[in-house]
Amino acid sequence: MSRIFSGIQPSGELHIGNYLGAVKNWAELQRSYESFFCIVDYHAITIPYEPEDLRVRTREMMVSLLAAGLDPSRSTIFVQSMVPEHTELAWIFNSVTPLGELERQTQYKDKASRMESVPAGILNYPILQAADILLYRADLVPVGEDQVQHLELSREIARRWNARFGDGFFPEPQAKLTPARRIMGLDGNAKMSKSMGNTVGLLEPPESIWEKLRPAVTDPARVRRTDPGTPEVCNIYQLHRGFSTPETVEHVAAQCRSAGWGCIDCKKTLAASIETELVPIRRRASELAERPSDVEDALASGATRCRRIARETIDAVRERMGF
Ligand code: SF4
C-alpha cells in the first residue's frame, strides 16, 4: 500500500476552507493509503506566537481533525514536535540543499517581502517540510497547487542526499493534487484564512454561520434579483460544490444563470447543505469534549508509531553518513 504524508498548521479549530481544501480529502484517502497526518507545530514557530496559545491551538486542531473524520484506527495522526527526528533530519538536509533553491521559493519571497527582519526558519521552512515527508519515506503528498514548488524541492533534496549517501534510499515523493478548489473568504477578497478574519468555523453553530453567509460577496454582476449571474465566479457556488449534492449544484448553476432565484435563496440552500455535513462533525466534537482521554490516546499512539518509523530512518541515515 502506498504511503501518504500531509501536514497542517496548528491554527486551532478547522474552518470550512481548510476542511474542503484538505481534510475532507484526507478522510477519503485514509481508506486507500497508509496515511500520516501531522500537525506541524515546529513550522508554526517561524512567526511570532504565544506558547500557551500554541498549546491550545494544537489541541483544538487535533479535536477538529478527529471530528472531521480522521480515524486513528486507519491513519496515524500526530504532532510534529512529539517526534524530534523531524528536526534532526532537517539539519542533515541543510547540508545538501543549495541556498539559491531556497531563495527562489515563491512563498519565501512573498513572506520575506512583508518582514522587516526575516528569521532563518522562514528560509529553511521547505527543508523541514522535506524532512517531514522523507522521514516516513512517503510516496505521495496530497497538496494544493500552491505547495507544488515546495514538493519539487523535497524531491530535489531526496535526489541530492541519495546521490551522495544512499542510492534510492529516499523515494522521490510525488504530488497528489487535492481535487478541492481554492475557497475564498466570505468577504471575497482573499483565500479563507484565520489571519484574514474571513472564515467559517467547522464547529460554529448554524445561526452564526448564517450571520456570515447572508452578507457574503456573490457575483458582482448580479446587482438586481433579475440579473442573470455566472456561478463560476461566485464563491457561494464554490461552497455549493464542496457541500451540496451534484443535483443541487446543477440546480444552483441553472437558477443562477437564468436569474430563477435570488442570492439569498441560493445561500439558504447552501446553509442547509452545510448543516447536513456539519451535524455529525459537531456531534463527534462534543463526544470528544466529554472524553478528552480519546484525544490524548490518539496523540500518544500516533507519536509512538511515528517515533519508531522515524528512528529507523534516522538510524539508517546516520549509518550511511558516518556518524
Ligand atoms: S445565485 Fe448563487 S451562485 Fe449565483 S451569484 Fe447568487 S449566490 Fe452566487
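Start at 1 and go down the list; that is how both ligands and their atoms are numbered. This structure is a prediction, so every number in the text was calculated from the model and none was measured.
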- Message: Centre-to-centre under 6.0 Å for Trp261 and His251, is that the case here?
- Response: yes
- Of all the atoms in ligand 1, which lie at a distance below 4.0 Å from a heavy atom belonging to Asp219? 5 (S)
- Just how far is it from atom CD1 of Ile122 to atom CD1 of Ile47, taken to the nearest 0.5 Å? 7.0 Å
- Query: Which residue from Cys234, Cys266, Gly262, Ser258 reaches closest to atom 8 (Fe) of ligand 1 through any of its heavy atoms?
  - Reply: Cys234
- Closest to atom 3 (S) of ligand 1 (heavy atoms only, candidates Gly260, Cys256, Ala259, Ala253) is Cys256
- ligand 1 contact on Thr218 by region, counting heavy-atom pairs under 4.0 Å: side chain
- Message: Starting from atom 6 (Fe) of ligand 1, what is the nearest protein heavy atom, named by residue and atom, and what distance separates them?
- Response: Cys263 SG, 2.3 Å
- Task: Under 4.0 Å from a heavy atom of Arg222: give me the atoms of ligand 1 that qualify, with their elements.
- Result: 1 (S), 5 (S), 6 (Fe)
- With a 4.0 Å cut-off, would you call Lys212 and Glu204 a salt bridge? yes
- Message: So that I can tick it off, tell me whether Glu52 and Arg55 are bridged by a salt bridge, with the cut-off set at under 4.0 angstrom between side-chain N and carboxylate O.
- Response: yes
- Note on the structure: The residue among Glu247, Arg241, His240 that forms side-chain contact (heavy atoms from CB on, under 4.5 Å) with Val252 is His240
